[in-house]
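None of these values were measured; they are calculated from a predicted model.
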Amino acid sequence: MSYGYTRDEPLMDPPDALADPLAMRLAEIIQGVRPGGRLPSERTLATDLGVSRTALRDRLRFLESAGILRRRSGSGTYVEALNPHALTRTLGVAVTFSGLPADSLFAALDALDRQITREAAGNADRGQLAHLLQALNGMREIGQPGRALAAHQRFHDAMADAAANPALSFLRAGVLGALRNARLVWPDRPDSADVDVPPGMYERHRRIYQAIAGHDPIGATAAFDAEHA
């Protein structure tokens, strides 16, 4: 069966992937395969889609570079689980080659964490609240900055889990990964051994926790804004 493509379907320009009919038909096929599952062979896909294997391989290479597919030599092409690594890589390239200020990623991370805080207050269950509280208590170890700062990271990770919004979690992981690769966040910064616990970190996050535990999205957002004022 042909899906309206010619066998000489032109190669895809990556920025136009979402407007490319062959790529979008492949997206439908990929969405029908569980992560870890194998796609039909290139020969089968090319025949079913009515395109040349050259055109098909171009799309498969692009999707592999985006972290959506993984090709194993002699085995086939497999669907990957949603992974923010490709976003981290793209942001890293933008920072290195396109002049994107690395520090500006902090503003993006704050915006994501603010919305995560709001949604966590609406969705957190008892188990997630327990994880938040455990991380919060770890921030009290101001005599051991490494442990306190690690607890701060766990607190924000636990909020992302409690928000239960896969898009926010995906974007946050991608931005945070780029910041880590740029060595701008603890413990990857060159001066990590000299980093101190910010004054009042525990108290500010305690207010965020209390609002989340009280299922108060407005209060949680206000507490987050106060923490970042």
Just so I know, are the side chains of I30 and L39 near enough to count as touching, which here means a heavy-atom distance under 4.5 Å?
yes
Mind jotting down which residue pairs meet the ring-ring contact (aromatic ring centres under 6.0 Å, His included) criterion with at least one end in residues 67-107? Sequence neighbours excluded, please.
none
R25 side, atom CZ; L56 side, atom CG - distance, nearest 0.5 Å:
12.5 Å
Do D225 and T221 come close enough that some side-chain heavy atom pair is under 4.5 Å?
yes
Just by distance, do the side chain of R183 and the backbone of D188 share a donor-acceptor pair under 3.5 Å?
yes
Rounded at 0.5 Å granularity, tell me how far OG1 in T88 sits from CZ in R180.
9.5 Å
Supply the atom-to-atom distance L168 CG to R114 CZ, rounded to the nearest 0.5 angstrom.
12.5 Å
Looking at R140 and L136, would you say the former's side chain and the latter's main chain have a donor-acceptor pair under 3.5 Å?
no
R71 atom CZ, neighbour heavy-atom count above 12 within 6.0 Å:
yes
Would you mind checking if R61 and E64 are paired as a salt bridge, meaning a charged N to carboxylate O distance below 4.0 Å?
no
What I'd like to find out is whether the side chain of M159 reaches to under 4.5 Å of the side chain of I208, using heavy atoms alone.
yes
Taking atom CD of Q210 as the centre, does the number of heavy atoms from other residues, nucleotides or ligands within less than 6.0 Å exceed 12?
yes
Contacts of type side-chain hydrogen bond (donor to acceptor under 3.5 Å, both in side chains), residue E42, not counting sequence neighbours:
R57
Please report the interatomic distance CG(N181) to CG(L176), rounded to the nearest 0.5 Å.
9.5 Å
Spell out, yes or no, whether V93 and L105 are grouped together once hydrophobic residues are joined by side-chain heavy atoms under 4.5 Å, including indirect joins.
no
Kindly work out whether a path of hydrophobic side-chain contacts (I/L/V/M/F/W/Y, heavy atoms less than 4.5 Å apart) joins V79 to L87.
no
Any chance you could measure F62, atom CZ, to L26, atom CG, to the nearest 0.5 Å?
11.5 Å
Report whether I142 and M139 are members of the same hydrophobic cluster (ILVMFWY, side-chain heavy atoms less than 4.5 Å apart, transitive linking).
yes
Under the criterion side-chain contact (heavy atoms from CB on, under 4.5 Å), I'd like the reasoning laid out for R172 against H156: C-alpha separation, chi angles, the key distance, then a yes or no.
CA-CA 10 Å; R172 180 179 183 272; H156 282 269; 3.2 Å; yes
Would you confirm whether R38, through its side chain, and S75, through its main-chain N or O, come within 3.5 Å as a donor-acceptor pair?
yes
Would you find a donor on one side and an acceptor on the other, under 3.5 Å apart, between the side chain of Q128 and the backbone of D125?
yes
For R204 and P199, indicate whether the former's side chain and the latter's backbone hold a donor-acceptor pair under 3.5 Å.
yes
With the side chain counted from C-beta on, respond yes when I29 and L49 share a heavy-atom pair under 4.5 Å apart, and no when they do not.
yes
Determine whether I68 and F170 fall in the same hydrophobic cluster, where Ile, Leu, Val, Met, Phe, Trp and Tyr are linked whenever their side-chain heavy atoms lie under 4.5 Å apart.
no
List the steps and the verdict of side-chain contact (heavy atoms from CB on, under 4.5 Å) for W186 and Q153.
CA-CA 9 Å; W186 187 92; Q153 290 186 3; 3.5 Å; yes
Taking L82 as the starting point, is it possible to reach V175 by hopping between hydrophobic residues whose side chains are less than 4.5 Å apart?
yes
Within the side chain of H215, is there an N or O that forms a donor-acceptor pair under 3.5 Å with the backbone of G122?
no
